[in-house]
Amino acid sequence: MISIKKSLTVVLLLCVAATIHAQDKSSSYSKKGDKHYALLQYSSAVAYYKQGYSVASESAKDQLASKVADCYWLLRNHDSAYVWYGKVSSSDATAQYRKAELNAMFGNYSQASSALSSMSSFSQRSAGFSKTNKMKADSADWTLTYADNINTDYFREFSPAASQNGLVWATNQPKKFSKNGIMGWDNMGYARLLSVSDNSKITSTSIPSERKVNDPNAQDAKRPTRLAQHHSLSDVDLLGNVKIPKNLISKLKAIQGMTTPIEFSDKIKYNVAHTSFDNANSLMYFSGNRQEKLKNATRTVGVASAKKTDAVLSEVKFLFADGKDHSVMHPAVHANGTTMVFASNKAGGKGGFDLYVSEKQGDGSWGTPQSIDALNSAGNELFPAFSTDGTLYFSSDGWAGLGGLDIYKAQLKGSAASG
């Protein structure tokens with residue numbers, strides 16, 4: 001007959017063994033997630049991190065929750081990021097900033113302001129979150145509608161630019177598709193350019209209502225399955241096999257029927273997006289991945305120019321130096337054709353991405369870019385665009401705003417700017 005002492009010992013050993021097994025399993029999932037994360041495959045990484053979280057010990061859950069939240073933030077799945085950052089008890093400066101931004105996105109401005117109050121570089125943004133009524137009133141001056149016949153719930157449509165009487169925009173809608181699905185970024189998931197020659201072809205409806213997530217202890221948000229979830233042009237993530245719903249196939253066919261793709265006479269691969277035009281000289285400027293051969297490295301983004309003939313681009317030239325660890329992108333060319341503003345995350349800036357201005361030289365080259373210090377912040381300044389009267393519009397998440405990327409305007413004076 002086995003003694004009670006021996007029975008308790010056996011039970012204790014089994015518990016210890018089960019705990020060690022769970023820790024090993026959790027660590028294994030985390031390591032697999034780390035491998036995908038290093039390749040910017042955030043969709044795959046978050047799946048492994050969540051599996052690891054489900055079997056992790058209480059002491060390990062915090063770190064894995066932080067990894068899940070980070071992936072959702074990078075996927076721009078903000079409602080799920082909000083849920084998972086709510087599970088993270090310890091916060092470094094990055095997590096603290098993101099929690100503040102997420103609270104602001106969901107209208108929790110007092111929490112957002114409080115979270116940033118101790119971060120001196122975001123003092124203006126913190127103060128702005130406590131005084132949002134004025135900005136909301138200003139936003140009411142604009143009427144927004146949804147371009148329903150060119151947008152989808154599944155793919156990305158972004159960076160629109162006026163082109164004479166039409167519109168050019170970027171999307172990762174596939175060139176070819178079937179009900180059996182699509183394969184990854186190396187086949188048809190790269191961002192490309194579509195256009196319409198007449199804006200009257202674009203139909204619009206009222207803005208779809210957005211679902212809010214206010215419970216940080218809730219499960220992941222229920223939202224449509226995304227076939228592609230990134231908008232970073234440095235992306236190398238895989239989409240995997242997915243079955244395309246019938247209604248999406250019909251929508252994609254309709255979009256193909258009314259749009260004209262922008263094509264290249266040169267061999268240009270990978271992502272192409274964010275255009276700006278110098279119509280007087282038949283030039284188009286755009287963001288595109290560098291074309292050089294790389295080995296186990298992230299493909300950065302450069303600003304390029306090209307001759308535009310109808311919907312065909314030729315004589316592509318990359319204009320500014322980028323590096324292995326930074327990009328230059330989002331060109332905006334003034335109507336004069338000689339002033340360009342773009343965004344870059346190169347070292348020496350104030351935040352993540354900053355705005356730079358360059359002047360075109362007499363020989364056709366572009367001068368050394370200068371930082372627009374008056375507009376740059378500790379956050380990100382992105383998507384610059386000039387209006388016909390020369391006003392510069394741009395997005396930022398570093399100045400006083402309503403959360404996420406807000407839109408601002410400024411007047412450029414040489415290499416300086418006044419808001």
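One is the number of the first residue; the rest follow in order along the sequence.
Donor-acceptor pairing under 3.5 Å is recorded for the side chains of Thr391 and Gln411. Donor-acceptor pairing under 3.5 Å is recorded for the side chains of His274 and Ser159. Judged purely by distance below 3.5 Å, without hydrogens or angles, the side chains of Asp92 and Tyr97 never pair a donor atom with an acceptor atom. For the residue pair Asp373 / Asn376, no side-chain donor-acceptor distance below 3.5 Å is found, with atom types taken as modelled. Side-chain contact, Gln96 with Ser118: a donor N or O sits under 3.5 Å from an acceptor N or O. Checked by atom type, the side-chain pair Asn77/Tyr82 shows no donor-acceptor distance below 3.5 Å. Under 3.5 Å, the side chains of Tyr42 and Asp70 contain no donor-acceptor pair of N or O atoms. A side-chain donor from one of Asp62 and Ser89 sits under 3.5 Å from a side-chain acceptor of the other. A side-chain donor from one of Glu157 and Gln173 sits under 3.5 Å from a side-chain acceptor of the other. Judged purely by distance below 3.5 Å, without hydrogens or angles, the side chains of Lys307 and Ser282 never pair a donor atom with an acceptor atom.
Relative to the ring axis of Tyr85, Arg98 does not place its NZ or CZ within 45° and under 6.0 Å from the centre. By the 6.0 Å and 45° rule, Lys346 stacks over the aromatic ring of Tyr356.
The aromatic ring centres of Tyr49 and Tyr29 sit 6.0 Å or more apart. Checked against a 6.0 Å centroid threshold, the rings of Phe320 and Phe342 count as neighbours.
Looking only at distances, no side-chain donor or acceptor of Thr339 sits under 3.5 Å from a matching main-chain atom of His334. Judged purely by atom type and a 3.5 angstrom limit, Ser113 uses its side chain to pair as donor or acceptor with the backbone of Ser126. A donor-acceptor pair is defined here as one N or O able to donate and one able to accept, closer than 3.5 Å; such a pair exists between the side chain of Ser276 and the backbone of Val333. Side-chain atoms of Gln63 do not come within 3.5 Å of backbone N or O of Lys61 as any donor-acceptor pair. Under a 3.5 Å cut-off, the side chain of Asn281 and the backbone N or O of Leu283 do not form any donor-acceptor pair. Using a distance-only test at 3.5 Å, with no hydrogens or angles considered, no donor-acceptor pair links the side chain of Asn271 to the main chain of Asn289.
Taking all atoms of both residues into account, the shortest heavy-atom contact from Thr260 to Ala311 is CG2-CB, 3.7 Å. Minimum interatomic distance between Cys71 and Val46 (heavy atoms only, all atoms of both residues): CB-CB, 3.8 Å. Taking each heavy atom of Ala161 and Phe277 in turn, the nearest pair found is CB-CE1, 4.1 Å. Nearest heavy-atom pair, Phe129 versus Gly403, reported as atom, atom and distance to 0.1 Å: CE2-N, 3.7 Å. Residues Trp73 and Ala81 come closest through the heavy atom pair N-CB, 3.8 Å. Shortest non-hydrogen contact noted between Ala400 and Gln124 is CB-O, 3.7 Å.
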Worksheet item: Taking it one step at a time, do Ser305 and Glu315 satisfy side chain to side chain donor-acceptor pair (under 3.5 Å)?
Response: CA-CA 8 Å; Ser305 67; Glu315 301 178 34; over 6 Å; no
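Taking the charged nitrogens against the carboxylate oxygens, Glu381 and Lys350 have no contact shorter than 4.0 Å, which rules out a salt bridge.
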